[in-house]
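Per chain, numbering begins at 1; letters A, B, ... match sequence-line order.
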Amino acid sequence: MSGCRDEDPRIHGIKTKIGVVPNFPKPGIMFQDITPLLLDPKAFKDAIDLFVERFKDNNISVVAGIEARGFIFGPPIALAIGAKFVPLRKPRKLPGEVIFEEYVLEYGSDCLEMHLGAVEPGERVLVVDDLIATGGTLCAAMNLLERVGAVVVECACLIELPELKGRGRLNGKPLYVLVEYQ
Amino acid sequence: MASEDCQDARIARIAAAIRAIPNFPKPGILFQDITTLLLDTRAFRDTIDLFVERYKDKDISVVAGIEARGFIFGPPVALAIGAKFVPLRKPNKLPGEVISEEYSLEYGKDKMEMHVGAVQAGERALVIDDLIATGGTLCAAISLLERVAVHVVECACVIELPELKGRERLGDKPLFVLVDAA
């Protein structure tokens with residue numbers, strides 16, 4: 001079953017609010033810009049509602065959001081479903097004890113960090129970001145959570161770029177998206 | 001008075017949920033870490049509720065949040081009061097046309113950017129960040145918005161460090177905080 005809600009009437013409004021910016025951050029890339037969505041209170045609320053409806057009865061105790069745009073969508077979902085919010089951050093931003101996971105980029109590598117003790121073993125977690133491209137960042141996020149014994153129930157993004165095959169990179173973990181960009 | 005007791009209890013819980021980490025990001029700095037607040041579902045909800053109660057009847061159409069921790073508190077407030085959320089970002093993160101404001105750090109400078117057209121002249125705005133220290137970042141945010149003729153109604157932070165006199169640096173711009181960290 002496709003993890004994509006293209007039959008809900010709210011989806012059309014959300015789709016029209018995603019801007020495409022060519023050649024950003026570099027030539028050849030069509031950047032999916034979610035900021036126009038944030039300027040439309042109804043469309044922003046609809047996006048959050050769609051996630052909340054899907055996850056509220058799933059016994060999820062943690063929403064993990066990936067810096068920085070995952071910080072915009074994760075907390076409203078966490079608040080609505082009564083879950084903790086855990087920020088997954090770039091290196092050296094989180095104070096205190098962290099664990100880190102390195103992951104590969106097109107050129108070079110990057111690193112994602114999480115606070116030790118933020119998530120307990122056995123907790124059920126939702127990972128949120130604005131977009132899934134190759135899936136590298138979401139994979140790193142899932143690894144961090146699984147290393148501390150948490151269960152990643154699903155990954156949730158507003159946008160998927162199916163051509164980049166990120167869905168297949170999630171080790172069988174379900175992915176729920178609102179909009180696909182072809 | 002009953003409503004004051006209720007408010008005091010919520011503030012006390014919020015203050016207790018914030019942890020201070022010594023010598024981060026460098027020796028001598030006592031870092032106020034809000035991530036533990038985000039793990040306390042009731043305290044996080046109370047934080048948002050306290051801001052929403054203050055701002056919901058003030059005809060605010062824009063909540064501007066400063067990257068990155070302002071992205072955690074701003075969107076839930078924006079959604080609850082029916083306002084737009086506008087991210088104020090580090091350089092080169094926002095695609096498309098931006099305006100930027102340079103500001104001083106203890107050593108060197110930084111730059112903050114906002115999308116052109118995100119806000120309209122005459123809109124009433126709230127600026128949100130997790131913490132005010134010297135006030136430099138908030139001042140830059142106020143400048144960006146005022147340059148496009150937006151009226152900044154108030155700045156809102158979870159935490160204030162009063163010794164650093166950020167409130168004075170905001171001049172006549174009102175500041176609302178939940179917790180003082182001495």
Side-chain angles (χ1 to χ4, degrees), chain A residues 19-25 29-49 61-65 67-90 92-98 114-115 117-120, chain B residues 19-25 29-49 61-65 67-87 89-90 92-98 114-115 117-120 130:
Chain A
V20 180
V21 182
N23 301 312
F24 184 90
I29 308 240
M30 299 291 278
F31 186 87
Q32 305 291 312
D33 182 16
I34 49 88
T35 62
L37 178 76
L38 310 177
L39 299 181
D40 182 334
K42 179 183 184 309
F44 185 16
K45 180 177 185 303
D46 284 346
I48 298 300
D49 286 349
S61 60
V62 177
V63 173
E67 173 162 16
R69 289 183 289 262
F71 289 9
I72 295 174
F73 297 99
I77 297 167
L79 286 160
I81 69 175
K84 308 190 284 197
F85 179 70
V86 174
L88 304 180
R89 296 213 67 175
K90 301 285 186 193
R92 294 174 298 281
K93 303 294 187 80
L94 290 171
E97 260 197 298
V98 297
M114 179 173 76
H115 266 141
V119 180
E120 310 276 331
Chain B
R19 72 171 173 168
I21 307 246
N23 301 313
F24 184 90
I29 307 235
L30 188 64
F31 186 89
Q32 300 294 320
D33 181 19
I34 49 90
T35 62
T36 41
L37 172 66
L38 309 176
L39 300 179
D40 180 335
T41 52
R42 186 160 149 209
F44 185 19
R45 197 179 71 235
D46 286 347
T47 303
I48 301 303
D49 286 350
S61 59
V62 175
V63 174
E67 173 163 16
R69 291 182 289 261
F71 288 8
I72 295 173
F73 297 99
V77 173
L79 285 160
I81 68 175
K84 309 192 277 197
F85 178 71
V86 174
R89 298 213 66 175
K90 301 283 187 195
N92 309 312
K93 302 293 186 80
L94 289 171
E97 250 199 302
V98 298
M114 179 173 77
H115 264 140
V119 293
Q120 317 295 321
D130 64 322

note = Looking only at Leu94(B), Ile48(B), Val86(B), the option with the highest number of non-hydrogen pairs under 4.5 Å against chain A is Leu94(B)
ask   = Checking Phe85(B) against chain A: side chain, backbone, both or neither under 4.5 Å from a heavy atom?
value = both
Pair Phe71(A) + Phe71(B): ring centers closer than 6.0 Å = no
inquiry  = What part of Pro87(A) gets within 4.5 angstrom of chain B, counting heavy atoms only: side chain, backbone, both, or neither?
reply    = side chain
message = I'd like to know which of Ile48(A), Thr35(A), Val62(A) tops the heavy-atom pair count under 4.5 Å against chain B.
response = Thr35(A)
query = Does a side-chain heavy-atom distance below 4.5 Å link Val98(A) with Met114(A)?
reply = no
task = Could you look at Ala80(B) and say if it's the side chain, the backbone, both or neither that has a heavy atom under 4.5 Å from chain A?
result = neither
inquiry  = For a 4.5 angstrom cut-off between non-hydrogen side-chain atoms, does Asp33(A) reach His115(B)?
reply    = yes
Contact class of Ala78(B) relative to chain A, heavy atoms under 4.5 angstrom = neither
ask   = Do Leu39(B) and His115(A) touch side chain to side chain, with heavy atoms closer than 4.5 Å?
value = no
ask   = Is chain A contacted by the side chain of Asp40(B), its backbone, both, or neither, given a heavy-atom distance below 4.5 Å?
value = neither
Choice from Glu67(B), Arg42(B), Arg19(B) maximising heavy atom contacts with chain A below 4.5 Å = Arg19(B)
query = Are any non-hydrogen side-chain atoms of Lys93(B) and Pro25(A) less than 4.5 angstrom apart?
reply = no
key: chain B contact via Lys93(A) - which portion, at a heavy-atom distance below 4.5 Å   = backbone
request  = Please assess Phe73(A) against Ile34(A) for the test side chain to side chain contact (heavy atoms under 4.5 Å, CB included), listing each intermediate value before the final yes or no.
outcome  = CA-CA 11 Å; Phe73(A) 297 99; Ile34(A) 49 88; 3.9 Å; yes
task = Sort Ile72(A) into side chain, backbone, both or neither according to what part of it lies under 4.5 angstrom from a heavy atom of chain B.
result = both
note = Whatever's closer than 4.5 Å to a heavy atom in chain B on Ala80(A) counts as neither
ask   = Leu37(A) versus chain B, heavy atoms under 4.5 Å apart: side chain, backbone, both or neither?
value = neither
ask   = So which part of Phe44(A) gets closer than 4.5 Å to some heavy atom of chain B, the side chain, the backbone, both or neither?
value = both
query = Does the pair Met114(B) and Val119(B) meet the rule for a side chain to side chain contact (heavy atoms under 4.5 Å, CB included), with working shown?
reply = CA-CA 9 Å; Met114(B) 179 173 77; Val119(B) 293; 3.8 Å; yes
note = Cut-off 4.5 Å, heavy atoms of chain B, and the answer for Arg89(A) is side chain
task = Working to the nearest 0.5 Å, report the span between CD of Gln32(B) and CD1 of Ile29(B).
result = 11.0 Å
task = Kindly compute the distance separating NZ (Lys84(A)) from CG (Leu38(B)), expressed to the nearest 0.5 Å.
result = 11.5 Å
